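Heavy atoms only: backbone and side chains are in, while hydrogens, waters and symmetry mates are out. Note on naming: letters A, B, ... go to the chains in the order of the sequence lines (proteins, then strands), and numbering restarts at 1 for each one. Predicted model, so just to flag it, every value in this text is computed and none were measured.
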Amino acid sequence: MDDQTRMMTGLTGLGGLAQGDVGDPDSVRKQQSLGQPQQDIGDILQQIMAITDESLDEAQARKHALNCHRMKPALFNVLCEIKEKTVLSIRGVQEEDPPDPQIMRLDNMLLAEGVSGPEKGGGSAAAAAAAAAAGGSPTDSSIEHSDYRAKLAQIRQIYHSELEKYEQACSEFTNHVMNLLREQSRTRPISPKEIERMVAIIHRKFSSIQMQLKQSTCEAVMILRSRFLDARRKRRNFNKQATEVLNEYFYSHLSNPYPSEEAKEELAKKCGITVSQVSNWFGNKRIRYKKNIGKFQEEANLYAVKTAVDAANVSAQASQANSPATPNSGTLSCQASETDLQIERNNSSQLSW
DNA sequence: CCGTATGATTTCTA
DNA sequence: TAGAAATCATACGG
């Protein structure tokens with residue numbers, strides 16, 4: 001009721017209808033003595049004000065009558081205008097929200113994980129079938145892989161069905177509200193613009209729900225990933241050839257076993273592993289070698305011989321270039337036969353790294 | 001099953 | 001920020 005009174009008060013101050021009467025308690029009485037149009041408006045307002053005191057049937061009839069009144073469109077416009085200027089302008093200022101960075105991050109992740117976006121290779125059914133099929137030929141990794149994919153497909157399916165549900169609910173609700181407002185706009189000052197804004201509000205609400213869905217889907221995927229693909233949990237030893245390549249490099253650069261970035265890349269390519277795996281390997285190798293040189297003597301000797309043979313094959317040119325660095329491998333092969341603690345200690349003190 | 005090996009991660013430092 | 005050191009978690013062989 002308060003709103004209504006305010007709008008009425010506003011109305012008298014607008015559109016040239018009884019301009020001097022704002023807030024005057026006698027305005028109604030005064031209006032009644034004015035000319036025909038003003039009196040019409042006054043009557044209508046009176047009727048509107050009184051409508052809540054009437055019985056339902058009376059009100060219904062009155063509503064119909066008012067609705068057909070010739071002044072109705074004009075009055076409707078004016079009321080809309082006032083409403084626009086008072087109520088809506090206050091909270092309607094919420095700027096058109098730009099794509100939320102948070103939701104964009106979630107979207108990107110879901111896309112990257114293959115949860116949203118185009119389905120790959122026939123989707124969940126195919127993945128499940130693959131998982132089932134893999135049961136027959138048990139290559140360890142293939143089981144895990146298809147199991148992972150099946151789970152991912154499950155998440156994907158849930159995500160999509162939920163998303164669809166939300167979208168459907170959103171459009172149903174929007175329609176409902178729009179119809180309601182359209183219906184009401186016959187008796188209440190509701191402009192199309194306001195309906196539009198209402199729809200935007202609804203969409204925002206629903207998109208925040210969708211964000212929650214996306215968030216929990218992301219979490220589920222992360223958990224799945226850590227369960228199945230976390231390299232630390234499912235550690236595989238490098239193959240023999242890879243460790244051989246790495247050891248060869250390590251022992252032939254024993255005086256300075258710090259491969260450059262390029263060398264790491266080269267090694268990574270040779271071994272079929274990543275550069276950071278190469279870094280990890282050298283980090284581990286250095287520390288473990290340094291901690292217990294004795295344990296590694298045999299290995300060191302083996303690779304020293306190997307590189308010596310290689311060096312011989314490659315001929316003098318290489319050994320010349322490496323001369324400041326290579327003596328170490330020579331000393332190592334001499335020491336290899338002796339394994340007492342003192343030698344080990346000496347050895348460790350020889351290391352410059 | 002247990003002890004060791006080993007790749008990855010975490011924490012700290014220069 | 002790369003590397004050292006400690007630690008974690010799994011692989012693997014006896």
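Rounded to an integer number of Å, the gap from CG of A/L246 to C1' of B/dA8 is 15 Å. Rounded to whole Å, the distance from CD on A/E299 to C1' on B/dT6 is 12 Å. Rounded to an integer number of Å, the gap from A/F238 CZ to B/dA5 P is 18 Å. Atom pair A/N284:CG and B/dT6:C1' shows a separation of 7 Å (rounding to whole Å applied).
Listed by residue number, there are no residues of residues 266-278 of chain A with a heavy-atom contact under 4.0 Å to DNA chain C.
Taking the six-membered ring where tryptophan is involved, the planes of A/F282 and A/Y249 are perpendicular, since the angle between them exceeds 60° and thus also 30°. Ring orientation note: the planes of A/Y303 and A/Y251 are close to parallel, at an angle under 30° on the 30°/60° scale.
Considering only side-chain N and O atoms, A/K295 lies under 4.0 angstrom from the phosphate OP1 or OP2 of B/dA5. In this model, the phosphate group of B/dA8 is approached by a side-chain N or O of A/N280 to a distance below 4.0 Å at OP1 or OP2.
Side chains of A/V199 and A/V177 form no contact here, defined as non-hydrogen atoms less than 4.5 Å apart. Counting only heavy atoms from C-beta outward, the side chains of A/M198 and A/M178 never approach each other to under 4.5 Å.
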Quiz item: side chain to side chain contact (heavy atoms under 4.5 Å, CB included) between A/E194 and A/S191: does it pass, once the steps are laid out?
Solution: CA-CA 5 Å; A/E194 196 184 337; A/S191 62; 3.6 Å; yes
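Both A/N237 and A/R288 sit near DNA chain C, but only A/R288 has its closest nucleotide nearer the 5' end.
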Check: protein-nucleotides 1-5 of chain C nitrogen or oxygen pairs below 3.5 Å:
from: C/dG3; atom 1: OP2; to: A/K264; atom 2: NZ; distance (Å): 3.2
from: C/dA4; atom 1: OP1; to: A/Y258; atom 2: OH; distance (Å): 2.2
from: C/dA4; atom 1: OP2; to: A/R286; atom 2: NE; distance (Å): 2.7
from: C/dA4; atom 1: OP2; to: A/R286; atom 2: NH2; distance (Å): 2.9

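Between A/E299 and A/K285 there is a salt bridge, since at least one side-chain N of the basic residue sits less than 4.0 Å from a carboxylate O of the acidic one. Ion pairing between A/K165 and A/E162 holds under the 4.0 Å rule for side-chain N and carboxylate O.
Cluster membership for A/L302 and A/F238, using ILVMFWY side-chain heavy atoms within less than 4.5 angstrom, is shared.
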